[in-house]
Amino acid sequence: MNKILKIYKLLYDEYKPQGWWPILMSNESEEYATLYHPNDFSYPKNRDQRFEISIGAILTQNTAWKNVEKALINLKKQDLLNCKGILRVNEEKLKELIRPSGYYNQKAERLKIFADWFSKLRKIPQRNELLSLKGIGPETADSILLYAFKIPSFVVDAYTKRTFYALGLIKKDSKYEEVKHLFEQNLPKDFKLYQEYHALLVEHAKRFYLKNKNSKEDFLKTKIHH
DNA sequence: AACCAGGACGTGA
DNA sequence: TCACGTCATGGT
C-alpha cells in the first residue's frame with residue numbers, strides 16, 4: 001500500500017468520519033447552525049444547496065468557519081442564501097450581512113460575481129471556469145468542485161501542506177498543483193475518499209500543527225514507516 | 001493583547 | 001514567475 005493511502009487509513013482509524021461540508025440547518029426552536037453529516041455523501045439536494053456550499057467556500061477564505069457561519073445565518077434569515085438572493089440584495093447591504101466573515105468589502109463583490117456566473121450555469125462547471133472568476137483561486141475552486149458538485153478534485157489547504165511538510169513528504173515551497181497531484185496520483189479517483197481525506201487532514205492539523213503551537217509529537221511520524 | 005484562521009489578488013522586480 | 005503587502009472580523 002502506498003504511503004498516501006496508508007496515512008488516510010491511519011487518520012480514519014484515529015478520528016471519526018468528519019462529514020464535510022457543513023450545511024446550514026435549523027432546529028426545533030428555529031435556531032440556525034451549520035452541521036456536519038458523517039457518512040452522508042449524497043449529492044446536494046438542490047441548486048440552492050450547491051450554491052450555499054460554494055458561497056461558504058468563498059467566505060471561509062483565510063477565515064475561521066465560526067465567522068462564516070454567522071454570515072450564512074445572517075443571509076438565511078433574510079432569505080438571501082441563494083443565487084437570486086445574492087443578485088437581488090444591494091452590495092452595501094450584502095457587506096453588512098457578511099461582515100462577521102471578514103474581508104467583507106472584497107467578499108461582497110466576489111459573491112456578486114459568483115452569483116452572476118452561477119445563475120447562467122447549466123452544466124457541471126470546469127475547474128478553469130471557476131479559476132477565471134475573481135475571488136476563486138485553486139483551493140476554493142477545488143472545494144466547490146468536490147463538495148458542491150461531487151467531482152473528485154483534491155483540495156489542498158494550508159493544513160495539508162503543514163502536515164505533509166512535517167512528515168517530510170513535500171518541500172516547504174511546494175506549489176499547490178504539485179501537492180494536489182501527489183494526492184491524486186496515489187489515490188483512487190473517488191470523491192468520497194477525497195472529501196474525507198481533506199477533512200481528516202484539517203482535523204489532524206488542528207491538533208498537531210496549529211501555527212506556532214505544535215507542542216505534541218505527531219503520531220503519524222512513527223506509524224507511516226511500518 | 002498580540003496572533004491567527006479551511007486564500008486570493010495586485011503590484012513591482 | 002514570484003515574493004510581498006493588503007484585505008478584516010472574532011476567538012484564544
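The shown structure was predicted, so the numbers you read here are calculated from the model rather than taken from an experiment. Naming: A, B, ... by sequence-line order, numbering from 1 per chain.
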Q: Taking all non-hydrogen atoms of both residues into account, name the closest pair between A:S101 and A:L59 and its distance.
A: OG-CD2, 3.7 Å
Spacing of [X] atom [atom1] relative to [N] atom [atom2], expressed in whole Å:
X: A:I144; N: B:dG6; atom1: CD1; atom2: C1'; value: 13 Å
X: A:W65; N: C:dT9; atom1: CH2; atom2: C1'; value: 16 Å
X: A:L97; N: C:dT9; atom1: CG; atom2: C1'; value: 15 Å
X: A:Q18; N: B:dG6; atom1: CD; atom2: C1'; value: 13 Å
X: A:D142; N: B:dG7; atom1: CG; atom2: C1'; value: 13 Å
X: A:L59; N: B:dG7; atom1: CG; atom2: P; value: 13 Å

Remember a base hit wins even if backbone is also touched, and classify [X] as base, sugar-phosphate or nothing at under 4.0 Å, heavy atoms.
X: A:A205; result: nothing
X: A:K66; result: nothing
X: A:Y36; result: base
X: A:K175; result: sugar-phosphate

Q: Check whether NZ of the Lys or CZ of the Arg A:R162 lies under 6.0 Å from the centre of the six-membered ring of A:Y209 and within 45 degrees of that ring's axis.
A: no
What are the atom names and distances for every N/O pair under 3.5 Å that joins the protein to nucleotides 8-12 of chain B?
{"unit_1": "B:dA8", "atom_1": "OP1", "unit_2": "A:G137", "atom_2": "N", "d": "3.1"}
{"unit_1": "B:dA8", "atom_1": "OP1", "unit_2": "A:G137", "atom_2": "O", "d": "3.2"}
{"unit_1": "B:dA8", "atom_1": "OP1", "unit_2": "A:E139", "atom_2": "N", "d": "3.3"}
{"unit_1": "B:dA8", "atom_1": "OP1", "unit_2": "A:T140", "atom_2": "N", "d": "2.8"}
{"unit_1": "B:dA8", "atom_1": "OP1", "unit_2": "A:T140", "atom_2": "OG1", "d": "2.7"}
{"unit_1": "B:dC9", "atom_1": "OP1", "unit_2": "A:G135", "atom_2": "N", "d": "2.8"}

Tell me whether [X] is salt-bridged to [Y], with the criterion being a basic N under 4.0 Å from an acidic carboxylate O.
X: A:E129; Y: A:K123; result: yes
X: A:E203; Y: A:K16; result: no
X: A:K192; Y: A:E196; result: no

Compare side-chain N and O positions of [X] against OP1 and OP2 of [N] and report whether any pair is under 4.0 Å apart.
X: A:K70; N: C:dG11; result: yes
X: A:Y104; N: C:dT9; result: yes
X: A:N105; N: C:dA8; result: yes

Q | A:P100, nearest nucleotide to its side chain (from C:dT9, C:dG11, B:dG6) | A |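 So the nucleotide nearest the side chain must be C:dT9.
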Q) Which of these nucleotides, C:dA8, C:dT9, B:dG6, is closest to any side-chain atom of A:Y103? A) C:dA8
Q.
Is it the case that the side chains of A:D218 and A:H204 hold a donor-acceptor pair, with the cut-off being a distance below 3.5 Å and no angle test?
A.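 Yes, side-chain donor-acceptor contact under 3.5 Å.
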Q | Distance between P atoms of B:dG6 and C:dC2 (Å, rounded) | A |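 To the nearest whole Å, 27 Å.
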Q.
Using atom P in both nucleotides, what's the gap between B:dT11 and C:dA8 to the nearest angstrom?
A. 16 Å
Q: With sequence neighbours excluded, give me every ring pair (Phe, Tyr, Trp, His ring centres under 6.0 Å) pair touching residues 52-103 of chain A.
A: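 As it turns out, the ring pair (Phe, Tyr, Trp, His ring centres under 6.0 Å) pairs with a partner in residues 52-103 of chain A, which skip direct neighbours, are A:W21-A:W65.
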